[in-house]
Each structure stands twice: as structure tokens, then as C-alpha cells.
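Every value quoted in this text rests on a predicted model; they were computed, and no experiment measured them. Below, read A as the first sequence line, B as the second, and so on, with proteins coming before strands; counting in each chain starts at 1.
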Number of protein chains: 2
Amino acid sequence: MKFTVKDLATMAGVSIKTLYHYHKIGLLMPSEVGESGYRYYGLQELKRLQEILFYKELDVPLVEIKQLFDEESTRVYTLEKQRTLFMKKIDRYQQLIQTIDMSLNYTRKGENMDNQLMFKGFGSKDEWKDALEEQVNHLKEAYNVELDTNAIDVDKMNMMAIEAKNFTDQMAEFLRNGVKYDDVSVQNTVKNHLHFLNKNGHAISQEDYLNQTKFFLQDDFHRQMLESQQTGLAYYLVHVAETL
Amino acid sequence: MKFTVKDLATMAGVSIKTLYHYHKIGLLMPSEVGESGYRYYGLQELKRLQEILFYKELDVPLVEIKQLFDEESTRVYTLEKQRTLFMKKIDRYQQLIQTIDMSLNYTRKGENMDNQLMFKGFGSKDEWKDALEEQVNHLKEAYNVELDTNAIDVDKMNMMAIEAKNFTDQMAEFLRNGVKYDDVSVQNTVKNHLHFLNKNGHAISQEDYLNQTKFFLQDDFHRQMLESQQTGLAYYLVHVAETL
DNA sequence: ATGAGGTCTTCCCTAAGGAGAGAGTCAATG
DNA sequence: CATTGACTCTCTCCTTAGGGAAGACCTCAT
């Protein structure tokens, strides 16, 4: 039983290129190589290829498939890893479908209320006043702090708001992905955020920032705002700020 | 409002590399480029970037995002396309999860019954006889045709069976994917299949093959075998064979 | 021996950037 | 005013799993 590349490719339903590739990366070696360089495969190789293709169907990377043959024990682990991966993907796609449906609904109604899906700021000072009303009232009632909403520069406000939103989104994603509070990438993200604030007229030191996160944690309005976006976020932010 | 690359990257929560990339492919151009080559962006660009990132989150390829800005009308179409794409992916992942569960179950029971999940042939002539029994009886009863199961060469039989299974799988996938019966890739797959058969002692012309597919369609046992794998497959095979 | 079909290696290409090198630039500080 | 530190430029290579093509070489059947 000596198969040429074409034989094997036909039998297994893959391309000859694929066989070359697997040879090159050492995933499936020919049982024999002629003097002219022709590759020949045997039954063993056909069976091994079948197994390779099984794992490939499960989206297992070729490198890992190779390890599967080298180290028996990782089989169950790999399969379970793929399983949880698929679960997460399904979750994600279901959420994306929801997002799409919302967007299509907005479009269908003729509204352009995509601001909730993709925040690009508000068009006028009055819109900003509306958006901030609740927060301003809360600060006034709870702390007797006055904010002058007439001093708003719409463009600048939009810019700051977009940055703030994206910053918070990123921190939430770090938290969701289990990135530790003292990870460099987290720290850099915060530093960039502070740098950006300082550069744009909002003087804020690392200490100030730490105090701010603590304030957000203690204040009901702000804590709930953060926690409604991502459970644990208000607490995470404090820990990150403490480690700066 | 003139943002440097770092400003914009911070605000939007992307890397500077990403901005370069978008510039290079013409997806997001700077509003201004200094003499030294420094890129500067404005508010418009920030908003555009926000929109780009929204579509990117939905796995829309950058080329298509670019088209979205050029041709207004494709927005709904693109969103709906992504939606059905996600539905299909969810479907696929759910099936893969089932496959994994089956495989893990086999492993847990200590059995190695993976032959149904990844066919690699049988170990002995007797196993083959068992597997073929039903088919042999059917042929005998319905057509009075005798098959000598003692003449079986196990290795060769395994090889032929693996090829046959993969061939049928490929045809089923063509059908599922809406590949037309006269598509070159379909035709080539069949030609390779016939070539393989001829090379391995099963003389069969294109005409013979056409007759065989017709027989499979008319014979209950074989038609149901094909149709249970993929609805429409028995019919598809005849059409393909007629166009060879 | 010849022709047809198979096979070899090598190079470039894909999507969306990441990593890093080496050189040039900007703005603020001493 | 010059230095310095942070920032930015272009360039090349790298990632997955092969696809496509070029140009040369090989094998087998007639």
C-alpha cells in the first residue's frame, strides 16, 4: 500500500497543498520519500490524517493537533478547552445578533438613535444638559456641588465623553477577561487616560484619580452606574488605581 | 481640535498601529499631514472611527466597512448578512459541542468507538462482514445478487471505504453550500473519485457511474442511506453525474 | 521513446494588525 | 538656545492554514 500525494489527497478529501503543508510543519510525514523527492504514504498515514482532520473540524490549531499525537494525555483537555471556547463564541454571537437587531430596528423607525450602540456625542448644548441632568441633580442634592452646564463646549465635551466611555469599556473588558489589576496593559491604559485628561485641561494626579475611584465606589449613583455596565467594575477600578 | 495619533488612539481605545493600518488601506485618513509626515485627526475622524469600530465589533471585514461609507445603501444589507452568518456559526458550534460530548463520552466509557466520529476502517474481516451484512442481504433479496464477503482484503477495504466516505461527505457539503451541480470543483471531485476507483481495480466509466447513481436513487436501501446523510443528496449525485 | 499527467521547490498572497529597529520630530525645560 | 524625553515616522518580518502560479523535473503507459 503506497499512496501518492494525489491518492492520499483524494482519499482524505484534502488538497495536495495541504499535505505539503502538513509535511513541512511535521504534522504528517510521508512513510517514504523517493530519490526524486516524491512523497509516498501508507495506511498508517491515512488513518493519522483522518484523525488530524477530525480535530481540525473542531477548530483545533494544527500545532495543538501535533501535540495531541505527541502527548496522549492532552486529548481530553483539548476537547474540553474547545468546548468552552465554542460556548463563549455562541454567547458572543447571540449578543451581536441582538445588537444588530437593535440597530436595524432604529433604522426601520427612521431614527438615528445609534448613539447608544456607537456613541458619537450629542449635537447641541441642550442635548448635553438633558443627558447630564440626573447626575447634576444628584451631585447638588447629595454633596451640594454645583456644576455649570452653561460652560459646556459641545465639541470638547463630546471628545471627552467618547474617551471616557471607551476607557471604561476597556477596563470592563480587562475585568471580564480576567486581566489582573496590576497587569502592565491595564496600567498603561489608565496612564494614557490620565495623560489625556491632563493634556485637555483636567488636571488630575494619580492620587486624585485614586480618590475619584474611591468616591465612585462609595457614591450610590456612580457605583450603580459602573456596576450596571459590568459587575465588579467599581471595585476593580479602585484596585487598579491603588497599584499605579 | 487637532489630535495626534496617540490622542486618537487613546480616545478610541485602539492602538496606534491600528490607525496606521486604517490609513494605509484608506479606511480612515488623517485630516491633515504635517511636513514631517505626522498625522493629525479631527473630530470628524474620531466619529468616523467610532463607527468603524462598531462595525468591526460585528466582525465586518474592513474592506466592507469601507464600502459602507462609500455606498450608503449597503448598511442594512451588511447587517443582515452578518446576522445570518452568526446564526450559521451558532449552529455549527452547537453541533461541534455535540460531537465533542460524544467523543468525551466514548473516552469516559473507555471505549474507542470513535469510528463513527472519525472513520478509520475496521480491524478484521469479521467486523467488515458485520458491517456489510444488511447491505448484502438486501442485494440478495431484492436483486438476487451475491457478494462474496470472504474475498475481502481488510486493508484495501478500509482504504476504499475511507475514500468513499470522504467523497460522499464532500458531495454533501457541496450540496449544502449551494454549489451548482455543474461547478468545476464538483466535477473535479467526481473525476478524482472515478480515477481513484479505476486505479484500484474497480473499473468504472462515467456512464457506469451515472447508472450507479441512478440505481442508488431508485433503490430504497441506498436512497435512504444517502438521504439520511443529507436531504437531496441522492438526487444531487445523479444530476452531477449527468453533467460530467 | 515519447507524451500526458504528476510532482517538486520557491515565491508571493491572504486579514488585521503586533513587535521591533533605526531615524527623525515635537515641545517643554534648564 | 540647546538638550531631553516623549512621540512619530517608515521599514521589515511574523502570525494561520494553506491557495495560486511558475518553471523544472519525474513516472508510467503506450
Side-chain angles (χ1 to χ4, degrees), chain A residues 2-30 32-41 49 52-67 82 85 184-185 188-189 191-192 194-196 198-200 203, chain B residues 2-30 32-41 49 52-53 55-67 82 85 184-185 188 191-192 194-196 198-200 203:
Chain A
K2 211 169 80 169
F3 310 129
T4 66
V5 282
K6 180 163 194 189
D7 286 342
L8 187 61
T10 301
M11 280 189 281
V14 299
S15 76
I16 296 181
K17 268 278 161 59
T18 302
L19 296 182
Y20 291 164
H21 189 57
Y22 291 179
H23 183 189
K24 203 188 332 176
I25 67 174
L27 179 56
L28 182 70
M29 307 304 283
E32 187 193 330
V33 178
E35 290 182 20
S36 60
Y38 276 38
R39 299 151 166 97
Y40 299 100
Y41 299 84
L49 180 52
I52 290 171
L53 295 179
F54 169 74
Y55 290 114
K56 201 188 78 163
E57 268 262 326
L58 296 178
D59 283 0
V60 180
L62 300 186
V63 212
E64 281 180 46
I65 298 182
K66 209 178 151 190
Q67 291 168 359
Q82 290 308 103
L85 178 69
V184 251
S185 51
N188 279 334
T189 301
K191 280 177 186 160
N192 280 337
L194 295 183
H195 188 230
F196 179 83
N198 279 307
K199 197 174 169 183
N200 286 282
Chain B
K2 210 168 81 169
F3 311 129
T4 66
V5 281
K6 180 165 194 190
D7 286 341
L8 187 61
T10 301
M11 280 188 280
V14 300
S15 75
I16 297 180
K17 274 274 158 63
T18 301
L19 296 181
Y20 290 164
H21 189 58
Y22 291 179
H23 182 190
K24 202 186 336 175
I25 67 173
L27 179 56
L28 181 71
M29 306 305 283
E32 186 191 332
V33 178
E35 291 182 18
S36 60
Y38 276 38
R39 299 152 167 96
Y40 300 99
Y41 299 84
L49 181 52
I52 290 171
L53 295 179
Y55 290 114
K56 201 187 78 164
E57 268 262 325
L58 296 178
D59 283 2
V60 180
L62 300 185
V63 212
E64 280 179 49
I65 298 182
K66 209 178 151 189
Q67 292 169 358
Q82 291 308 103
L85 178 68
V184 250
S185 51
N188 280 334
K191 280 178 186 161
N192 280 337
L194 296 182
H195 188 230
F196 179 83
N198 280 307
K199 197 175 168 183
N200 286 282

Q: Could you tell me whether the phosphate oxygens of dT10(D), OP1 or OP2, come under 4.0 Å of any side-chain nitrogen or oxygen in K24(B)?
A: no

Q) Has Y22(B) got a side-chain N or O lying under 4.0 Å from the OP1 or OP2 atom of dG17(C)? A) yes

**Q.** Between P of dC28(D) and CG of N198(B), the distance in whole Å
**A.** 18 Å

Q.
If you count heavy atoms of other groups shown closer than 6.0 angstrom to CD of E64(B), is the number above 12?
A. yes

**Q.** H195(A) side-chain N/O to dC7(D) phosphate OP1/OP2 under 4.0 Å
**A.** yes

(Q) When you measure from the side-chain N and O atoms of S36(A) to the phosphate of dT27(D), is any distance below 4.0 Å, counting only OP1 and OP2? (A) yes

Q: Quick one: pull up NZ in K2(B) and CG in D7(B) and give me the separation to the nearest 0.5 Å.
A: 11.0 Å

Q. Rounded to whole angstroms, how far apart are CG on L8(A) and C1' on dT7(C)?
A. 14 Å

Q.
So for K17(B) and dA19(C), does any side-chain atom that can act as donor or acceptor lie under 3.5 Å from a complementary atom in the base?
A. yes

Q. With a 4.5 Å heavy-atom cut-off, do L49(A) and Y41(A) have their side chains touching?
A. no

Q. Are the side chains of V14(A) and Y22(A) in touch, meaning some heavy atoms are under 4.5 Å apart?
A. no

Q. Does the side chain of K6(A) get closer than 4.0 angstrom to OP1 or OP2 of dG6(C) through an N or O atom?
A. yes

**Q.** Length of the line joining N192(A):CG and dA6(D):P, which is rounded to integer Å
**A.** 13 Å

Q) Heavy atoms under 4.0 Å, any strand shown: does I25(A) hit a base, just sugar-phosphate, or nothing? A) nothing

Q. In Å and rounded to the nearest 0.5 Å, what is the OG1 to NZ distance from T18(B) to K56(B)?
A. 6.0 Å

Q.
How many whole angstroms separate atom CG of L49(A) from atom P of dG18(D)?
A. 11 Å

**Q.** Phosphate-side-chain proximity, S15(A) and dG19(D), N/O vs OP1/OP2 below 4.0 Å
**A.** yes

Q. Is E32(A) atom CD crowded by more than 12 heavy atoms from other residues, nucleotides or ligands, each under 6.0 Å away?
A. yes

Q.
Using five pairs at each end of the helix from dA1(C)-dT30(D) to dG30(C)-dC1(D) to define an axis, what is the angle between those two axes, to 10°?
A. 30°

**Q.** Interatomic distance where CG belongs to L19(B) and P belongs to dT10(D) [whole Å]
**A.** 13 Å

Q) 5'-most contact on DNA chain C: Y20(A) or V63(B), nearest heavy atom basis? A) Y20(A)

Q | Position toward the 5' end of DNA chain C (nearest nucleotide), V60(B) or Y40(B) | A | V60(B)

**Q.** Minimal non-hydrogen separation, T4(A) against Y40(A), with atom names
**A.** CG2-CE2, 4.0 Å

Q. For the pair made of CD in E64(A) and P in dT15(D), what is the distance, rounded to whole Å?
A. 16 Å

Q: Spell out yes or no: do the side chain of Y38(B) and the base of dG24(C) have one donor N/O and one acceptor N/O closer than 3.5 Å?
A: yes

**Q.** Out of dA16(C), dT8(D), dG18(D), whichever nucleotide has its closest atom nearest the side chain of L62(B)
**A.** dA16(C)

Q.
Any side-chain N or O of T4(B) below 4.0 angstrom from OP1/OP2 of dT8(D)?
A. yes

Q: Using whole Å, report how far OH of Y41(B) lies from C1' of dT8(D).
A: 11 Å

Q: Rounded off to whole Å, could you give me the CD1-to-C1' distance for the I16(B) and dA19(C) pair?
A: 14 Å

Q) Is there a donor-acceptor contact under 3.5 Å from the side chain of N188(B) to the main chain of S185(B)? A) no

Q.
With a 4.0 Å cutoff (strictly under), does any side-chain N or O of R39(A) reach OP1 or OP2 of dT9(C)?
A. yes

